[in-house]
Amino acid sequence: RIKTVTENMEALKTRTATENSLFEVWNDFRWYTRRKEKSDSKVLKEALEIWIRLLAPFAPYICEEIWNKMGKEGFISLAEWPTHDEKKVNIQEEETENLIKNVLEDTSNILRATKMVPKKICYYSAAPWKWKVYLTALEKLISTKITLSDLMKELMADSDLKKMAEKVAKFARQIMEEINQMPEDKKQRQLQIGPLDENKTLKEAETFFEREFNAKIHTYREDDPQRHDPKRKAELARPYRPAIYIE
């Protein structure tokens with residue numbers, strides 16, 4: 001957020017800077033308190049100090065008041081502007097949180113549409129071969145567009161994928177349009193990260209999901225032979241988009 005606000009201020013894009021410094025940071029606070037069973041006051045205080053300084057150019061009077069209530073000396077208008085520290089950026093953790101947000105939103109949308117009161121929710125993470133196809137497509141589609149046949153030639157060079165050519169072709173066709181429409185910076189981020197351990201991420205978030213939906217949560221890999229999957233939902237799993245089954 002510091003980097004985004006600073007860059008937009010320097011480019012005189014004050015509206016974008018304001019939106020990020022006010023709404024986006026506020027959403028970050030809300031998500032943090034929603035995800036954490038017990039908040040860390042030290043973390044919140046540090047984040048608040050940064051947030052108030054980012055907001056000061058747009059809401060100077062209230063920020064001066066908050067700055068004073070926090071026991072800070074001098075005027076916030078004269079305080080040092082926050083500095084972006086690239087070492088504190090962890091894009092893998094950010095994408096992990098985005099995955100949890102998306103799963104939460106997808107589950108909520110299903111419940112709203114079906115008007116179900118869930119007792120059990122099952123999540124299925126994509127099989128390794130789908131990650132291989134997805135990342136290969138991602139690499140080939142950065143800054144350019146290729147045809148399905150071009151992508152399949154690349155994929156069929158892999159002996160393991162060649163054994164399941166029909167399934168690979170079907171899946172490749174599904175993801176190509178999605179990747180073509182994806183912003184370039186998102187492609188670069190996902191390619192830099194590589195395959196996410198979605199199963200581990202979802203298992204670690206089970207308590208959070210149970211708290212949100214008041215239902216028992218079960219997490220499986222798509223290719224887990226012991227999975228509970230009466231409706232065969234697991235085969236719909238995609239990288240960054242786990243499949244969902246609700247009872």
Is there a chain of hydrophobic side chains (I, L, V, M, F, W, Y, each step under 4.5 Å between heavy atoms) that links [X] to [Y]?
X: Ile175; Y: Met164; answer: yes
X: Leu55; Y: Leu78; answer: no
X: Leu202; Y: Ile121; answer: yes
X: Leu196; Y: Leu236; answer: no
X: Tyr134; Y: Leu99; answer: no

Would you call [X]-[Y] a salt bridge at under 4.0 Å N-O?
X: Glu97; Y: Arg35; value: yes
X: Lys170; Y: Glu166; value: no
X: Glu206; Y: Lys216; value: no
X: Glu198; Y: Arg221; value: no
X: Lys42; Y: Asp40; value: no
X: Lys72; Y: Glu49; value: yes
X: Glu222; Y: Lys130; value: yes
X: Lys132; Y: Asp158; value: yes

[X] vs [Y] side-chain heavy atoms within contact, under 4.5 Å:
X: Met116; Y: Glu247; value: no
X: Thr219; Y: Ser125; value: no
X: Ile52; Y: Glu64; value: no
X: Ile2; Y: Thr83; value: no
X: Lys45; Y: Ser41; value: no
X: Met152; Y: Val168; value: yes
X: Arg15; Y: Thr18; value: no
X: Lys233; Y: Ile244; value: no

Audit row: Cys63, Phe58, side chain to side chain contact (heavy atoms under 4.5 Å, CB included) steps and yes/no: CA-CA 9 Å; Cys63 289; Phe58 313 109; over 6 Å; no
Counting neighbours of [atom1] on [X] that are heavy atoms of other residues, nucleotides or ligands and sit closer than 6.0 Å, is the number greater than 12?
X: Glu184; atom1: CD; result: yes
X: Glu46; atom1: CD; result: no
X: Lys101; atom1: NZ; result: yes
X: Trp81; atom1: CH2; result: yes
X: Lys187; atom1: NZ; result: yes
X: Asn214; atom1: CG; result: no

Worked check of side chain to side chain contact (heavy atoms under 4.5 Å, CB included) between Lys203 and Ile217: CA-CA 9 Å; Lys203 278 190 177 296; Ile217 305 296; over 6 Å; no
Kindly compute the distance separating [atom1] ([X]) from [atom2] ([Y]), expressed to the nearest 0.5 Å.
X: Ile110; Y: Glu105; atom1: CD1; atom2: CD; result: 11.0 Å
X: Glu177; Y: Leu148; atom1: CD; atom2: CG; result: 12.5 Å
X: Thr107; Y: Arg112; atom1: OG1; atom2: CZ; result: 10.5 Å
X: Gln192; Y: Asp185; atom1: CD; atom2: CG; result: 11.5 Å
X: Thr16; Y: Asn8; atom1: OG1; atom2: CG; result: 5.0 Å
X: Leu111; Y: Glu212; atom1: CG; atom2: CD; result: 11.5 Å

Counting the benzene-type ring for Trp, do [X] and [Y] have ring centres under 6.0 Å apart?
X: Tyr123; Y: Tyr245; value: no
X: Trp67; Y: Phe75; value: no
X: Trp51; Y: Tyr32; value: no
X: Trp131; Y: Tyr240; value: yes

Closest heavy-atom pair and its distance - [X], [Y]:
X: Arg53; Y: Pro57; answer: O-CD, 3.6 Å
X: Phe171; Y: Val133; answer: CD2-CG1, 3.7 Å
X: Phe208; Y: Arg34; answer: CE1-O, 3.5 Å
X: Ser21; Y: Leu54; answer: CB-O, 3.9 Å
X: Ile193; Y: Gln92; answer: CD1-CA, 3.9 Å
X: Thr33; Y: Ser39; answer: CG2-OG, 4.0 Å

Okay, side chain of [X], backbone of [Y]: is any donor-acceptor separation there less than 3.5 Å?
X: Asp150; Y: Ile146; result: no
X: Asn102; Y: Asn98; result: yes
X: Asp223; Y: Ala127; result: no
X: Arg241; Y: Arg238; result: no

Residues Asp229, Arg227; criterion salt bridge (Lys or Arg N to Asp or Glu O under 4.0 Å); working and verdict: CA-CA 6 Å; Asp229 188 18; Arg227 69 183 184 272; 3.3 Å; yes
Trace of the side chain to side chain contact (heavy atoms under 4.5 Å, CB included) decision for Thr6 with His84: CA-CA 9 Å; Thr6 303; His84 169 251; over 6 Å; no
Stepwise side chain to side chain contact (heavy atoms under 4.5 Å, CB included) test for Val89 and Ile91: CA-CA 6 Å; Val89 176; Ile91 61 172; 4.1 Å; yes
